[in-house]
Amino acid sequence: MLTTIIYRSHILDNVPPQELEAMVAKANEINSRADVTGILLFNGKHFFQLLEGPEQKVRAIYEHICEDLRHYNVVELLRDYAPARRFGRTGMELFDLREHDREEVLQTVLDKGTTKYQLLYNDRALQFFRTFLEEREKENYFEIPPADSWSFVPDADTPSEPPLQPDEAAACHFAFQPIIDPLAQEIISCEALIRSPEGQSPEHYFAGLSGDEIYHADLQSKKVALAMAAKLGLREQSLSVNLLPMTLVKVPDAVDFLLQAIADNGFVPEQVVIEFTESEVISRLDEFTGAARQLKASGIGIAIDHFGAGFAGLLLLAQFQPDRIKINRELISDVHKSGPRQAIIQAIIQCCTTLEILISAVGVEKPEEWMWLEAAGISQFQGYLFAPPGFGAIPPVAWPEKREEL
Ligand SMILES: Cc1cc2nc3c(=O)[nH]c(=O)nc-3n(C[C@H](O)[C@H](O)[C@H](O)COP(=O)(O)O)c2cc1C
């Protein structure tokens with residue numbers, strides 16, 4: 001299948017111009033043999049390249065290019081399929097924008113296009129060329145330093161208490177994972193994640209239950225979470241717990257039950273945040289918004305978890321605005337390499353900033369993901385990069401430390 005990939009990257013300092021010429025000559029040969037077209041623009045700092053040809057070949061060449069140490073911050077902007085080539089000639093051609101008039105380059109690029117695509121002026125690939133040539137993409141593109149410019153060392157000052165053992169009377173246990181502001185070195189909240197007493201997943205815990213039993217067990221488990229949080233000394237901290245949205249609807253007086261459990265364990269409602277999963281909220285939105293109002297009226301905060309994973313996305317915020325949203329792991333994963341993920345997250349940030357909704361990024365595993373998200377304006381994070389969930393315990397946080405420049 002005919003595939004087009006467009007990416008953008010940053011040249012490494014000190015790559016001599018002759019090396020670039022040699023690279024283009026070699027690439028020209030490789031591309032020609034593979035029946036791939038490579039149009040490369042260079043503005044002295046950034047590369048912008050279109051690769052077009054048979055899918056497997058384009059993919060293989062692109063993967064190879066991503067590994068090339070002569071450039072970094074490679075961000076894929078477009079991956080598309082088309083019935084015919086946009087550009088007829090295969091091989092590799094470099095346009096150094098410092099030596100050419102930009103309008104001329106655009107015209108030359110357009111002239112290389114097949115007649116059909118020249119006419120289709122709103123073609124996405126050609127629009128990307130125009131945006132790069134007019135330098136309009138700059139505000140959306142963050143330069144992040146190499147992954148090893150920060151180290152992540154678990155905090156040695158965290159007291160290592162033995163973990164809490166499961167209570168024999170309780171059917172569940174909890175793991176605790178902090179939500180942090182890494183640059184301020186501050187713990188924003190601690191999330192209690194339900195587990196079976198043996199440490200198995202929430203699905204395992206709920207698997208043995210049927211019908212409305214699930215909602216009652218869900219609510220009862222919050223008593224265990226709050227009691228464990230109190231024992232772990234989290235009374236001065238914000239505490240996040242998950243709840244199935246239908247628990248609020250199906251169990252009469254669920255809010256009163258929660259308020260009682262909060263008070264019994266020495267917490268106040270304002271320090272508790274209840275997290276609901278986006279997809280579950282959406283399936284019964286009207287009933288949920290009624291119940292959510294009761295929670296808000298009692299002082300308890302509301303967060304939407306896995307935001308962006310379901311089909312509702314930003315539309316959800318038209319009907320219901322939580323205090324916080326947690327961006328789903330699927331969107332966070334390799335965000336530093338993906339133009340579409342970056343665009344979606346930027347839209348979420350803009351929308352939530354306008355609505356004064358706090359944002360946290362969940363499931364952050366790589367330093368580059370964190371660095372890109374910080375550059376985009378997110379300051380609160382949760383993930384293995386900083387701290388894994390601690391079973392019956394608060395794990396030490398690995399705060400990022402800037403490495404000394406060598
Ligand atoms: C900005 C940039 C664009 C490149 N474009 C291509 C290309 O279109 N085709 C290609 O075969 N190699 C391209 N390369 C070079 C490859 O990364 C790689 O060096 C080349 O395929 C030769 O492989 P080798 O170094 O393993 O021998 C590019 C490198 C850079 C930095």
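Just so you know, these numbers use all the heavy atoms, side chains as well, and skip hydrogens, waters and symmetry mates. Ligands are counted one by one from 1 in listed order, and the atoms in each one are counted from 1 as well.
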Handout entry: Phe47 ring center near His10 ring center (under 6.0 Å)
Key = no

Exercise for the section: Assert yes or no for the condition that the ring centre distance of Phe48 to Phe42 is strictly below 6.0 Å. Expected result: no

Practice task
Any pair with a residue in residues 374-384 that passes side-chain hydrogen bond (donor to acceptor under 3.5 Å, both in side chains), sequence neighbours left out, goes on the list, sorted by first then second residue, please.
Solution key: Gln177-Gln382, Glu191-Gln382, Arg324-Gln380, Lys326-Gln382, Trp370-Glu374

Exercise for the section: Quick one: which residue pairs count as a salt bridge (Lys or Arg N to Asp or Glu O under 4.0 Å) with a foot in residues 285-301, not counting sequence neighbours? Expected result: Arg284-Glu287, Lys296-Asp323

Give every pair formed by an N or O atom of ligand 1 and a protein N or O atom closer than 3.5 Å, one pair per line with both atom names and the distance to 0.1 Å, or write none.
from: ligand 1; atom 1: 5 (N); to: Gln49; atom 2: OE1; distance (Å): 3.3
from: ligand 1; atom 1: 5 (N); to: Gln49; atom 2: NE2; distance (Å): 3.3
from: ligand 1; atom 1: 8 (O); to: Asn31; atom 2: ND2; distance (Å): 2.9
from: ligand 1; atom 1: 8 (O); to: Gln49; atom 2: NE2; distance (Å): 3.0
from: ligand 1; atom 1: 9 (N); to: Asn31; atom 2: OD1; distance (Å): 2.7
from: ligand 1; atom 1: 17 (O); to: Asp68; atom 2: OD2; distance (Å): 2.6
from: ligand 1; atom 1: 19 (O); to: Asp68; atom 2: OD2; distance (Å): 3.3
from: ligand 1; atom 1: 19 (O); to: Arg70; atom 2: NH2; distance (Å): 3.0
from: ligand 1; atom 1: 23 (O); to: His64; atom 2: NE2; distance (Å): 3.0
from: ligand 1; atom 1: 26 (O); to: His64; atom 2: NE2; distance (Å): 2.8
from: ligand 1; atom 1: 27 (O); to: Lys26; atom 2: NZ; distance (Å): 2.8

Exercise for the section: Would you check if there is a donor-acceptor pair between the side chains of Tyr7 and Gln49 at a distance under 3.5 Å? Expected result: yes

Exercise for the section: Could you name each residue pair satisfying ring pair (Phe, Tyr, Trp, His ring centres under 6.0 Å) that touches residues 270-305, not counting sequence neighbours? Expected result: Phe276-Phe288, Phe288-Phe320

